[in-house]
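Order of appearance sets the numbers: ligands from 1, and atoms from 1 within every ligand. One is the number of the first residue; the rest follow in order along the sequence.
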Amino acid sequence: MVCVEQPAGPTGLIVFGASGDLTSGKLLPSLFDLYRRELISENFYILGCGRTEMSDEQFSQFAAEAIEKDAGKAADHAKKFTQKCHFINGDYDDAAFYEKLKNRIEELNRQHKVESNLIFYLSVPPFLYPVVVAQLGAGGLVSPESKLVVEKPFGHDLQSAQQLNEIISRTFRESQVYRIDHYLGKETVQNILMFRFANAIFEPIWNRNYIDHIQITIAESSGIGHRAGYYDENGALRDMFQNHVLQMLALVAMEPPTSFEADRVRDEKIKLLRAIRPIGFEPWSAQIVKGRYTAGQIDGKDVCGYLQEKGIPADSQTETYIAAKLLIDNWRWRGVPFYVRSGKRLAAKDTEIVITFRHVPHSMFLSAGLEELPPNILTLQIQPQEGISLQFQAKQPGSKICMSTLDMRFNYADVFAVQMPEAYSRLLLDAMLGDQTLFNRYDSVETAWKLLAPVLQKWQDSDIPLYEYPAGAQSFAAADNLIESDGRKWQPIGISQQK
Ligand code: BG6
């Protein structure tokens, strides 16, 4: 076994928007996890910033509650960790706040013996990103060693993403910027690279000669939670497709990077994203379909439709489901369709990449009526029930010709007796260490938006139907047509959970 994990050196983490759900739900528990595993130095502090008035003690208490469920096993660590949590409040657009912030950082650097590794983490509403970045620059808070972590959404369209990149570049060099796509921090997503490039047997068949098509699914059974405002402005295309779906596609389809270094990996991803054929030819319904959930049932419970969710305007046209057929114009993938889909309130939570191989070129079992043998199917189960499975045909004991499809399966939970680490632990540690491999570079974000530009335009200019599906559904007719008109079928959602 080869395991390489480097602990981070002294660091100060300054979180803008620290009283929000992301901090309590993801950042604090992930940081505590790193601290407990001694991957964060004792010389570390978190300085939460927000508009809410909060004392250091109150923020420490907020942190204690956020890590409560993990603290039981490590009470000493928990106490020391919460003592590293501080808070400062002010208005993000007020220069005086940054003056105060600068002094506080200097004081905390002395107290916690941190020299220069400062991370500014933007967890504020996106309209504030440019404001905070510009103020940090103007206030002289940024040194060449500082880093900026930016949460998604990064832009609302191509133009706003370009603008944001431009504003950031006035204060930070690209090597200081960490654009988050939390899917890249998931173990199973990182495993795509190991699976493809640390084994000799897959890469030779990973191309148009052997693969018939690939499906990428991110299905969620949950709805929009308390994020009506954010979600209604964005919808599935911006919320999931522009980032998570395209990033997974890039990892599955890119060429082998020469080394596991940030820019080598990111160079290959961007080449792949650039090779995706622009969406935008007729008929649109054969390329992209959108839907919205109506009332239905999930796990036996009634749930309301999207338009009945609290905070959603009655005339909303926002999609909660997107399915698309993408083609990649390069030698490896020419003619191999990638069917991708993501939706809320579907039958189950299920993220998977399904690679269907071509049929055998000739069946020698014709005499037994076996004209077309089922193809091999490789499934990379991203979550839940993380694992990998390969379907193949095998002889069943008994009759002379008796064949059935077998499933060779590896489950992370059965093999590794550890809980899957939270994606944010990986990403936070990498940001502290200055490793950008699992973060998006400016060009990859812009290229993804460029791909969506014609779709957003078309949706604005004309009446592209917004189909409805009942909550709890597997799919709906228009989404099925997208793939079935090519003679293929969606893999059922949630099937891995039943195995
Ligand atoms: C976020 C989206 O990026 O990813 C959410 O904004 C979505 O709408 C979430 O629910 C899904 O993440 P995960 O890790 O639960 O698959």
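In summary, the atoms of ligand 1 found under 4.0 Å from a heavy atom of K152, numbered by their order in the structure, are 1 (C), 2 (C), 3 (O), 6 (O). Proximity to Q383 (heavy-atom distance under 4.0 Å) selects the following atoms of ligand 1: 13 (P), 16 (O). Listed by number with element, the atoms of ligand 1 under 4.0 angstrom from any heavy atom of D239 are 2 (C), 5 (C), 6 (O), 8 (O). Each of the atoms 5 (C), 7 (C), 8 (O), 10 (O) of ligand 1 lies under 4.0 Å from some heavy atom of K344. Listed by number with element, the atoms of ligand 1 under 4.0 Å from a non-hydrogen atom of K186 are 13 (P), 14 (O), 16 (O).
Closest protein heavy atom to atom 9 (C) of ligand 1: E220 OE2, 4.0 Å. Ranking the protein heavy atoms by distance from atom 15 (O) of ligand 1 puts K349 NZ, 2.9 Å first. At the top of the distance list for atom 16 (O) of ligand 1, counting protein heavy atoms only, stands Y183 OH, 2.5 Å. In this structure, atom 5 (C) of ligand 1 lies nearest to the protein heavy atom R227 NH2, 3.0 Å. Of all protein heavy atoms, the one closest to atom 12 (O) of ligand 1 is H182 NE2, 3.1 Å.
For E5, the CD atom sits in a packed shell: over 12 heavy atoms of surrounding residues, nucleotides or ligands are nearer than 6.0 Å. Summarising the local packing, CD of E174 is surrounded by more than 12 heavy atoms from other residues, nucleotides or ligands at distances under 6.0 Å.
Between H182 and Y424, the angle of the ring planes stays under 30°, which puts this pair in the parallel group of the 30/60° scheme. Using cut-offs of 30° and 60° for the angle between ring planes, the F416 and F410 rings count as perpendicular.
Between I216 and F241, the closest side-chain pair of non-hydrogen atoms is not below 4.5 Å. In this structure, T217 and R341 have side chains that are in contact, with non-hydrogen atoms separated by less than 4.5 Å.
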Exercise for the section: Take R266 and R264 through the side chain to side chain contact (heavy atoms under 4.5 Å, CB included) test and state the conclusion after the steps. Expected result: CA-CA 6 Å; R266 301 193 302 175; R264 298 296 76 76; over 6 Å; no

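Under a 4.0 Å N-O distance rule, the pair D299/K301 does not qualify as a salt bridge.
At a heavy-atom cutoff of 4.0 Å, ligand 1 is contacted by no atom of Y231, backbone or side chain.
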